[in-house]
Chemist: 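Sending over a structure as structure tokens; questions will come in a sec.
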Amino acid sequence: GENVNILDLDKVNTCQFEVLILPSMLTDPGFSSYQYVDFMNYSLLPKVLKTSKCLKTESVFINRRGSRKLGINDVSLQQICKQYKFHCLFLEDYSFDKQMEIMLGAKRIVAPHGGGLANTFAFNGSLTELVGTNYSNTCYLDLAMICENNYKYCALPDDSGDLHIDETALRECLKIQ
């Protein structure tokens, strides 16, 4: 684009920026940092809140359409979520601002591991992460600890990246919230 400046840092000794936004966190991949959470909470979130309002969706089940889908019938999933008073949402259907409103209004979140949990920096409550039995990425545990949220996980059988949960296991995951 016309407004983009690309600097050849090999030719520049010092750079001073009024605002610098990096495309990734200043930490190892798969781990959260206090700096990331501080930046999001104190720099980004106030700008979102100026134009947004908190949605009162106290209990949220974040579903996925892409990888790490749940191997359960969507109708059964919706019925069980409703029984336990969880709103079943696909966060990819919402703008970033709306996702922030959902996170700010939620007190309980259950979700498969994935990008939908990245916005839990704006969440204050209890998180249950659904992970595969062989998965060892602790980034959302780290994020929950940094944000002082209650964290639990449910280890589920996984196949080619998709998680397999039956109705009984889903009920147990929603109950522990």
Side-chain angles (χ1 to χ4, degrees), residues 21-49 52 54-70 72 77 80-81 84-158 161-165 169-177:
I21 299 175
L22 301 173
S24 63
M25 297 181 277
L26 296 172
T27 185
D28 292 330
F31 297 96
S32 298
S33 71
Y34 288 97
Q35 294 86 355
Y36 165 74
V37 173
D38 283 347
F39 170 77
M40 297 303 278
N41 278 325
Y42 299 111
S43 298
L44 183 63
L45 199 54
K47 292 174 183 162
V48 170
L49 292 177
S52 301
C54 179
L55 293 178
K56 296 297 180 195
T57 51
E58 190 160 308
S59 300
V60 177
F61 184 94
I62 299 171
N63 204 352
R64 294 182 60 124
R65 286 194 186 98
S67 63
R68 279 187 286 288
K69 295 180 297 223
L70 297 174
I72 188 171
L77 176 66
I80 293 168
C81 284
Y84 288 90
K85 298 180 178 21
F86 275 79
H87 297 274
C88 188
L89 307 172
F90 291 95
L91 286 184
E92 59 261 38
D93 291 344
Y94 297 91
S95 69
F96 178 76
D97 291 1
K98 290 291 180 204
Q99 289 182 31
M100 291 300 95
E101 292 173 9
I102 291 165
M103 293 295 162
L104 288 166
K107 294 296 173 208
R108 301 180 300 172
I109 294 177
V110 176
H113 176 89
L117 292 175
N119 294 332
T120 57
F121 71 86
F123 166 68
N124 184 12
S126 181
L127 169 66
T128 299
E129 181 180 13
L130 308 178
V131 298
T133 51
N134 297 315
Y135 202 73
S136 62
N137 186 325
T138 64
C139 61
Y140 300 119
L141 166 61
D142 298 342
L143 188 56
M145 288 173 51
I146 290 168
C147 296
E148 299 179 1
N149 287 321
N150 184 14
Y151 176 89
K152 299 174 186 85
Y153 73 93
C154 292
L156 303 171
D158 54 346
D162 290 340
L163 299 173
H164 298 282
I165 190 167
L170 177 60
R171 284 186 175 90
E172 288 302 312
C173 289
L174 296 179
K175 261 198 278 191
I176 65 172
Q177 278 293 331

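Numbering starts at 1 and runs along the sequence shown.
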Chemist: If you count the non-hydrogen atoms of other residues, nucleotides and ligands that lie under 6.0 Å from OH in Tyr151, is the total more than 12?
Modeler: yes
Chemist: What closest approach, in Å, do Gln99 and Leu91 show between heavy atoms, and which atom pair accounts for it?
Modeler: NE2-O, 3.0 Å
Chemist: To the nearest 0.5 Å, tell me how far Leu141 CG sits from Tyr153 OH.
Modeler: 9.5 Å
Chemist: Can any side-chain N or O of Arg108 pair as donor or acceptor with the backbone N or O of Thr128 at less than 3.5 Å?
Modeler: no
Chemist: Main chain of Lys98, side chain of Ser95: is a donor-acceptor contact present, judged purely on distance under 3.5 Å?
Modeler: yes
Chemist: Could you tell me whether the side chain of Leu163 reaches within less than 4.5 Å of the side chain of Asp158, counting heavy atoms only?
Modeler: yes
Chemist: Where the side chain of Asn149 meets the backbone of Gly125, is there a donor-acceptor pair that is under 3.5 Å apart?
Modeler: yes
Chemist: Could you tell me the separation between the CZ atom of Phe86 and the CG atom of Leu174, rounded to the nearest 0.5 Å?
Modeler: 5.0 Å
Chemist: Would you compute the distance between atom OG of Ser59 and atom NE2 of His87 and round it to the nearest 0.5 angstrom?
Modeler: 7.0 Å
Chemist: Tell me, do Ile80 and Phe61 make a side-chain contact under 4.5 Å, heavy atoms counted?
Modeler: no
Chemist: Could you tell me if the side chain of Cys139 sits less than 4.5 Å from the side chain of Leu143, heavy atoms only?
Modeler: no
Chemist: Do you know which two heavy atoms are closest between Cys88 and Leu77, and how far apart they sit?
Modeler: SG-CD2, 3.9 Å
Chemist: If you compare all heavy atoms of Ala122 against all heavy atoms of Leu104, which two are closest, and at what distance to 0.1 Å?
Modeler: O-CD2, 3.2 Å
Chemist: Just so I know, are the side chains of Leu156 and His164 near enough to count as touching, which here means a heavy-atom distance under 4.5 Å?
Modeler: no
Chemist: So, for Gly115 and Arg64, which heavy atoms are closest and what is the spacing to 0.1 Å?
Modeler: N-NH1, 3.7 Å
Chemist: Below 4.5 Å, heavy atoms only, C-beta onward: do Asn119 and Phe96 meet side chain to side chain?
Modeler: yes
Chemist: Quick one: side-chain hydrogen bond (donor to acceptor under 3.5 Å, both in side chains) partners of Asp93, sequence neighbours excluded?
Modeler: Arg65
Chemist: Roughly how far, to the nearest 0.5 Å, is CD of Glu92 from CG of Asn63?
Modeler: 8.0 Å
Chemist: Which atom pair, heavy atoms only, marks the closest approach of Tyr84 to Lys175?
Modeler: CE2-CG, 3.5 Å
Chemist: Does some side-chain heavy atom of Ile109 sit less than 4.5 Å from a side-chain heavy atom of Met103?
Modeler: yes
Chemist: If you measure from CD1 on Ile165 to CG on Leu170, what distance do you get to the nearest 0.5 Å?
Modeler: 4.5 Å
Chemist: Closest approach of Val110 and Cys173, non-hydrogen atoms and distance?
Modeler: CG2-O, 4.1 Å
